[in-house]
Amino acid sequence: SAGTKPAPLVVGAMFPFTGAKAILSTWGTHGVAAGVYAVNAAGGVLGHQLTYTYADDAADPADALPAFRQLMLHHPTFLVGPFSPTIESVINQFVPNNVVDFMVGGLSTLDNNTNPNWFRTSSSDSNEATAMAYFAISHGWKTAVMLFDNSANSQGFVPPLMAAYKALGGTIQSNQVINPGASSYTSTLTSAFQNNPAVVFDSMDSATAATLFHDAQQLGYMNRPWIGDDLQSSSQGPYAAAFGPTVTTNLYAALPATPSGAGYNTFLKDYALRFGKKTTVWPTTYNEYDSIVIASLAMTMANSTNPKVWVKDVTKVSNPPGTACTNYPQCVALLKKHVKINYQGAAGNDDFNKYHNVFSGFQFLGFNSALNTHQVAFVTPAQLAATVAKESKKG
Amino acid sequence: MSAFFLFFMTMVFYVIVFWIASLGLDLVWSRTGIPLFAYYLYVAVGAYLTGLFSLPHVPLQNGVGNLFGFNLPGLLALPLAAVVTGLFAMFVGAVFMRRLRTDYLAVVMVAVALVIWDFSQNDITLVSGNTGLTNIPLPLAGVLHININQWTYLYTGVAFVWALALWWIMKTVSNSPTGRVFRAIRDDSVVAATIGKNVYRYQILSMGIGGFYAAIAGGFLAQLATSWNPSSWAPFEVFNVFTMVIVGGVGSNLGMLVGAALLQVLFIQGPTYVASNYLHSPTFETLAAAAIGVLMWLSLWFRPQGAVPERLKSTAWYLGREPALQETINPDLTVEERA
Amino acid sequence: MHLFWIDFGTGLATAAVVALAATGLTLQFGITNYINFAYGDFMGLGALLTFALNNQAFHLNFWIAAPIAAILVGVFAVIANQLLLAPFARRFSNPALTMIVTFGLSLFMANVATVIWTGNTLFFRMPISVDKKVGPFLWSPDVMIVMGFAVLVMVMIHLLLKTTRLGKMMRALSDNTSLALTSGIDVRQITNVTWFMSGLLAGLGGIALAVEEANLTVTSAESYLFVIFAAVILGGIGSVYGAMLGALAIGLLTETAPLYINAGYKLDVGFFIVIVLLLFRPQGLVPRLGRS
Amino acid sequence: MPTMVADNISSGYGKNLIIRNISLEVDAKKVTTIVGPNGAGKSTFAKTVVGLLKAQTGSIVVNGDDLTKVPAYKIPGRGLAYVPQVQNVFVSMTVQENLEIGGFVTKGNTHDRMEEILATFKDLEKARHKRAGFLSGGQQNMLAIARALMVNPSVIVLDEPTAGLSPAYTNVVWEEIGRIAESGTAVLVVEQNVERAIVHSDYVHVFVAGQNHVHGTKEEIAQLDLASIFLGRSEATKS
Amino acid sequence: MTTQPTTPILSTRELRKSFLGVTAVNGATFDVPRNLITALIGPNGAGKTTVVSLISGQIKADSGQVTIDGADVSGWPAHRISQQGLMRTFQLSRELGGMTVLENLMVSARRQTGENLVNVFLRPGAVKKEEAALAARALEILNRYGLYHLRDSRAQALSGGQKKLLEISRAVIADPKILLLDEPMAGVNPALIEKIGEYIIDLRDGGMSILMIEHNLGIVEKICDNVVVLAEGRTLATGKMSELRENEDVVRAYLGEVINADNGR
Ligand SMILES: Nc1ncnc2c1ncn2[C@@H]1O[C@H](COP(=O)(O)OP(=O)(O)OP(=O)(O)O)[C@@H](O)[C@H]1O
Ligand SMILES: Nc1ncnc2c1ncn2[C@@H]1O[C@H](COP(=O)(O)OP(=O)(O)OP(=O)(O)O)[C@@H](O)[C@H]1O
Ligand SMILES: [Mg+2]
Ligand SMILES: [Mg+2]
């Protein structure tokens with residue numbers, strides 16, 4: 001009725017605000033706020049404004065459930081998060097509690113997900129690992145060592161990376177599990193580098209990386225390419241800072257999707273409007289941003305805010321076929337005209353496969369002496385698919 | 001409304017679980033005098049075993065899997081895991097209680113917990129390292145065809161029944177002559193040995209019971225979250241349980257309930273809720289965690305006996321009535337007042 | 001063999017860090033007779049204050065910031081003792097309870113430090129030092145300074161305890177507190193001096209650790225605490241020379257172990273040795289006469 | 001004028017008072033003994049005098065110097081030395097180091113004094129570089145007394161110096177006590193063995209239930225029916 | 001002293017023990033006759049307390065043999081030796097401070113059904129009945145030793161002398177065959193010494209065998225049937241007190257001159 005505004009719709013966000021992984025909450029909250037800003041600036045969803053509320057899971061599975069219940073007190077229509085450490089302890093809650101979840105994080109155990117209310121807007125680590133292998137081989141680096149810490153995230157890289165690297169004709173000389181927080185990694189490094197590998201693959205937390213890079217410098221092992229995962233991709237980030245003098249030639253970082261193009265520019269504009277021009281664009285923020293836009297589009301298409309109804313439209317607004325659109329108001333306008341759309345988001349095409357995973361390409365970044373990044377190479381989804389096909393032929 | 005009830009029930013569930021956990025620690029630490037800083041290890045072992053017993057065997061693939069799995073019904077997996085954990089705790093006790101003096105034991109216990117925690121993170125063949133166990137089945141949910149929300153209510157009830165039974169058992173044990181031997185060992189284990197008590201055996205027994213209680217708590221946590229991995233049990237979380245015991249009142253079975261409720265509601269879940277809903281800053285939560293330390297200091301200083309103090313067992317308690325015996329005044333033993 | 005010597009050199013560097021910290025821990029234990037579980041946080045505080053002086057507040061040169069920070073930790077340790085630990089230790093004769101109080105102090109310090117310094121990885125502002133070959137070893141100048149400094153501190157502590165009046169008073173206090181009091185020793189003052197030295201050494205140890213690790217986080221020293229404990233226990237808790245010996249053993253063992261076993265378990269080697277040693281020799285390598 | 005005057009002392013542990021309104025004086029060159037049944041408060045009194053326990057009422061004056069509010073560690077420096085009953089040596093330190101510590105309260109060089117004392121205590125001289133923990137119980141008691149004498153105190157308070165000692169050592173210790181008094185020091189001894197006390201001391205106080213029940217010269221006390229004063233149990237301390 | 005003792009209730013053969021290079025016990029060999037009171041005397045540091053701890057199993061002997069009632073108990077753990085019918089008290093009283101005086105006694109009783117958890121749950125009735133009977137027995141003993149009025153106080157609140165009495169009553173409730181007392185009279189006032197002496201005689205007359213360490217030779221002479229002298233960890237002499245006073249070795253080592261500091265330790 002005239003004069004009364006429809007009640008706002010709640011977005012629930014679940015991140016680790018405390019504990020060892022607290023930095024992830026900075027990423028998550030920035031992405032969510034930017035997404036909500038974008039949707040509200042364009043008039044909201046079906047006349048509803050979006051609001052958001054947070055809960056802290058401390059990256060601890062035993063804390064995740066109370067955090068989830070806290071969020072449910074606000075009757076959210078969908079959730080963003082949590083990251084990999086706690087997703088498994090809440091994933092079974094989504095359907096019975098009638099809420100849709102958009103997760104960001106590489107956990108490869110969910111590559112074959114069948115949960116209808118769960119979607120992942122970042123590419124799985126298994127894709128990233130394949131891309132890292134492809135990138136190395138395409139440069140002719142055929143012997144490698146792997147240095148991955150013991151976290152679930154990092155260990156998720158190991159099997160797909162090994163399989164892909166071998167399928168492409170490379171040899172893994174040594175695969176070391178790094179135990180974070182040690183005071184030195186000299187002995188680990190000396191045994192790993194015994195056979196003078198051409199390239200190094202690595203993933204670990206930044207504090208551990210600082211120690212390990214420092215030791216590797218001492219031992220003279222920084223004179224060859226090191227290929228890190230997306231954690232290492234930020235400009236002036238801790239990894240690049242710790243890498244040492246050879247950072248300009250020898251450090252590479254993989255980064256999912258294509259933070260470039262129209263969708264990404266829209267995101268950057270919204271992000272700057274929300275936080276000011278100077279704010280760091282934290283990793284994964286475009287994934288959370290995309291999650292919110294996609295959910296809002298699905299609700300618009302279904303003309304319902306009931307998750308049971310609109311969840312079926314998530315893949316419809318994001319996947320082909322359809323008219324490509326790269327920002328929320330533009331997409332909404334098309335939907336109003338009953339045009340089938342294919343949202344091209346900040347993170348890339350955002351096409352979900354049948355397991356509700358996106359399958360993006362990867363770019364590889366190098367660093368200049370000011371520690372700013374530049375793109376060195378791009379591995380397309382097609383190249384990844386071909387590599388995976390080779391693996392199964394070999395296996 | 002139902003969202004609120006589910007939230008409330010989850011809180012109740014946590015309070016019950018930590019009541020059970022602190023009952024076990026209270027027996028081992030306050031009543032037997034063993035500084036069991038490795039207590040969370042048993043919580044974890046219980047959780048892992050509950051998962052492994054109720055999960056099917058998943059062969060290791062892409063770094064995920066579990067070395068064995070028995071597909072047992074969850075209601076059975078839990079007590080079975082607790083029994084096995086109890087035996088494990090007895091084994092750990094048997095190895096370490098034999099020779100170590102108390103302060104070494106305290107440190108060594110932490111070291112044992114840390115080593116095994118490290119192992120659980122590094123080793124991917126047994127329980128998938130940091131990925132841990134996932135999809136632990138909900139007991140009964142499949143049988144009764146109820147959804148996870150109804151199950152939450154039901155299982156809170158199940159946990160409560162368990163807790164009542166465990167409370168009664170602990171009460172019976174601590175009031176029994178066996179409980180008295182435990183306290184004698186706490187006060188002076190050398191004396192306990194000279195009066196003919198097999199100190200080592202009783203210490204191991206106490207560890208076993210403590211391990212059983214810890215495992216029940218851990219099993220419930222794993223079943224509620226349907227998953228368990230090394231970040232669920234940073235060994236130092238045991239400090240919270242110690243604080244529950246101190247705040248509740250060492251040696252007091254009902255005190256443990258008070259301690260668990262106080263800590264869970266006011267110092268753990270409460271601040272998390274306030275921080276994310278009203279203050280929008282994790283600082284408050286972090287300060288609340290720091291405040292747990294302060295709470296323990298204040299409690300120890302101003303009310304060392306805890307919220308519900310342990311009661312001394314009087315003569316009347318033992319006899320079931322006031323003693324009939326009248327003290328014979330021994331004339332040799334009275335003070336003769338002189339002018 | 002070449003690898004072995006490089007690892008051996010790293011072991012010596014680690015031993016220096018551990019020795020600094022372990023000596024401070026064992027000195028304090030000798031006097032107060034309870035284990036300080038917040039010691040790792042004292043170490044962390046040293047590194048964090050250095051960071052604050054070096055990067056946040058006055059932008060002091062690292063080599064100036066470090067000693068100031070260590071002294072501040074010493075002062076903090078005295079305050080923590082006066083306001084918190086000493087009152088509890090006086091009131092409860094059972095050291096296990098005071099041990100729990102220090103556990104609480106650890107929780108308190110770690111969380112407050114997180115509020116102040118966040119959980120992020122921090123770096124000192126100091127030039128990257130290049131490795132040097134010294135005999136068969138590979139050491140950076142920073143690490144060599146740390147090692148030389150550690151040796152110097154050990155010698156000074158030895159002279160202090162064996163020859164000075166203060167040192168003898170400390171030993172007397174560590175032997176029998178109430179007798180020291182009635183023999184005319186100002187127990188409170190000596191206890192404070194000891195806590196100051198313990199804090200100072202913790203601070204230095206924490207800073208040395210951060211130099212060796214080339215970065216610091218709020219909890220990195222805390223997670224290293226048990227390595228320190230291992231050294232202290234190995235040497236016989238409360239024994240200063242034992243702690244030095246224990247540090248050497250732990251440093252060399254943990255750093256050379258990865259040549260033979262999975263590097264992920266190298267710290268566990270230290271714990272394992274301590275556990276096995278205690279099972280066969282419960283009083284440590286260098287047992288202490290006196291308090292039993 | 002008496003060397004030490006304790007006037008109207010009350011003290012105890014925490015809130016409950018164990019001793020009430022006790023006054024006594026100790027003279028130079030004299031041995032004054034406190035006897036009394038178990039739990040009478042003898043040790044409590046001794047600990048109060050030397051500042052280990054806080055006096056709730058009363059004052060302690062040594063040579064006209066009021067020590068009531070002086071912290072325990074400063075008391076030896078003011079001329080009042082104390083030898084506790086048990087754990088009275090630093091077991092991990094050598095005999096010589098133990099004596100050195102006794103000398104720490106004075107600023108000056110204590111080396112000569114130490115030689116003097118070692119000359120008196122022949123047994124200790126022989127064990128000079130042994131750790132005190134390896135001495136037998138009697139030698140430890142001896143060392144403790146020697147340490148207290150390092151600063152030439154005006155008053156020395158000894159708590160049951162012969163408890164648990166063999167008869168031979170008991171004699172030696174009492175002889176030593178006599179010599180200390182002769183040298184000009186005022187000696188206050190807490191003792192269980194009444195017969196001994198009466199033989200060796202000049203003045204005896206009998207404490208019962210926290211009070212200075214009777215006192216007098218050894219001749220006067222010897223007249224009393226001490227058995228009936230002693231026979232009895234101290235009142236239970238209920239908490 | 002009704003039945004003539006045949007075999008000794010307790011005997012030690014060549015017991016040896018050293019701590020950190022200091023020899024505390026160096027070949028102690030002696031017998032404790034059945035149903036008599038035997039005193040163990042000797043200079044300070046002679047190793048008396050250590051011998052008692054070796055017999056009762058608190059400390060493991062380096063070598064040597066201990067026999068209780070014909071059974072070789074060398075190397076047995078303390079609790080098994082205790083279950084064999086031996087009880088000891090400590091030179092410095094060790095009460096179970098956090099428990100009541102009554103409980104200090106009750107916990108010391110032998111063969112309690114309720115000390116096995118299976119019985120606690122399967123035979124609660126029997127346990128309860130036994131507890132009530134035990135409490136009544138403990139009260140009787142407390143009454144005899146003048147501690148009745150303290151039954152419900154925490155043991156840590158007792159005075160030194162009361163703690164000595166508690167030690168003895170705690171041993172008595174277990175009804176041991178042999179009782180080892182370490183300086184039961186030290187630090188106890190003279191009146192109580194007499195009293196404790198009488199209790200010990202009563203216990204002997206009730207059929208117990210007793211070995212007590214004591215420096216108070218007056219009381220030793222009065223109540224002990226037999227004396228063992230220990231010096232420098234070795235048995236120096238045994239016999240009646242009156243005979244030993246004549247024994248030159250004993251006089252030299254214990255009654256007369258002080259032993260030289262360098263004599264072996
Ligand atoms: N640390 C303490 N805390 C509380 N009460 C104590 C403490 N020490 C002694 N008491 C109590 O104070 C009273 C007097 O003790 P005190 O040691 O002065 O007696 P005493 O005359 O020296 O006896 P004894 O001859 O047995 O040594 C006793 O009732 C005792 O229980
Ligand atoms: N735990 C121990 N550690 C080191 N030395 C010890 C230990 N126990 C006893 N000793 C030493 O062994 C010797 C014998 O001590 P023990 O206590 O047996 O003597 P004792 O005959 O009981 O003397 P007392 O009459 O003074 O009680 C002493 O030199 C003593 O210092
Ligand atoms: Mg006394
Ligand atoms: Mg003795």
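Here the structure is a predicted model, which means the values were calculated and not measured. We use all heavy atoms of the structure for the numbers below, so side chains are in, but hydrogens, waters and symmetry mates are not. In what follows, chains are A, B, ... by sequence order, proteins preceding strands, each numbered from 1.
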Item to check | Under 4.5 Å from any heavy atom of chain C - which part of A:A22 | outcome: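 When you check distances to chain C, no heavy atom of A:A22 falls under 4.5 Å.
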
Checklist entry - When you check the side-chain N and O atoms of C:E255 and A:T186, is any donor under 3.5 Å from an acceptor? => result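 Not at all, the side chains of C:E255 and A:T186 share no donor-acceptor pair under 3.5 Å.
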
Item to check | For A:H214 against C:V211, the heavy-atom pair lying closest together | outcome: NE2-O, 4.5 Å

Next on the checklist: Could you report the tightest heavy-atom contact between C:K266 and A:A182, atom names first, then the distance?
Outcome noted: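 Reported closest heavy-atom pair: CE-CB, 4.1 Å.
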
Determine the option with the most heavy-atom pairs under 4.5 angstrom with chain C, choosing from [options].
{"options": "A:T190, A:N150, A:D205", "result": "A:T190"}
{"options": "A:S184, A:S191, A:P238", "result": "A:S184"}
{"options": "A:S183, A:P180, A:A207", "result": "A:S183"}

Item to check | Enclosure of C:F149 CZ (heavy-atom neighbours >12, cutoff 6.0 Å) | outcome: no

Next on the checklist: Does atom CZ (C:F123) have a neighbourhood of more than 12 heavy atoms from anything else shown, all under 6.0 Å?
Outcome noted: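 Enclosed: over 12 neighbouring heavy atoms sit under 6.0 Å from CZ of C:F123.
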
Checklist entry - Do the side chain of C:N215 and the main chain of A:A210 share a donor and acceptor less than 3.5 angstrom apart? => result no

Checklist entry - What part of C:T219 gets closer than 4.5 Å to chain A, counting heavy atoms only: side chain, backbone, both or neither? => result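 It is neither, since no heavy atom gets under 4.5 Å.
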
Next on the checklist: Among residues at least two apart in sequence or on other chains, which ones pass ring-ring contact (aromatic ring centres under 6.0 Å, His included) with C:F37?
Outcome noted: B:F37, C:F103, C:F229

Next on the checklist: Counting C-beta onward and ignoring hydrogens, is there a side-chain heavy-atom pair between C:T10 and A:S187 closer than 4.5 Å?
Outcome noted: no

Next on the checklist: Within this structure, what is the OG1-CG distance for the pair A:T211 and C:L209, rounded to the nearest 0.5 Å?
Outcome noted: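 Here the rounded value is 8.5 Å.
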
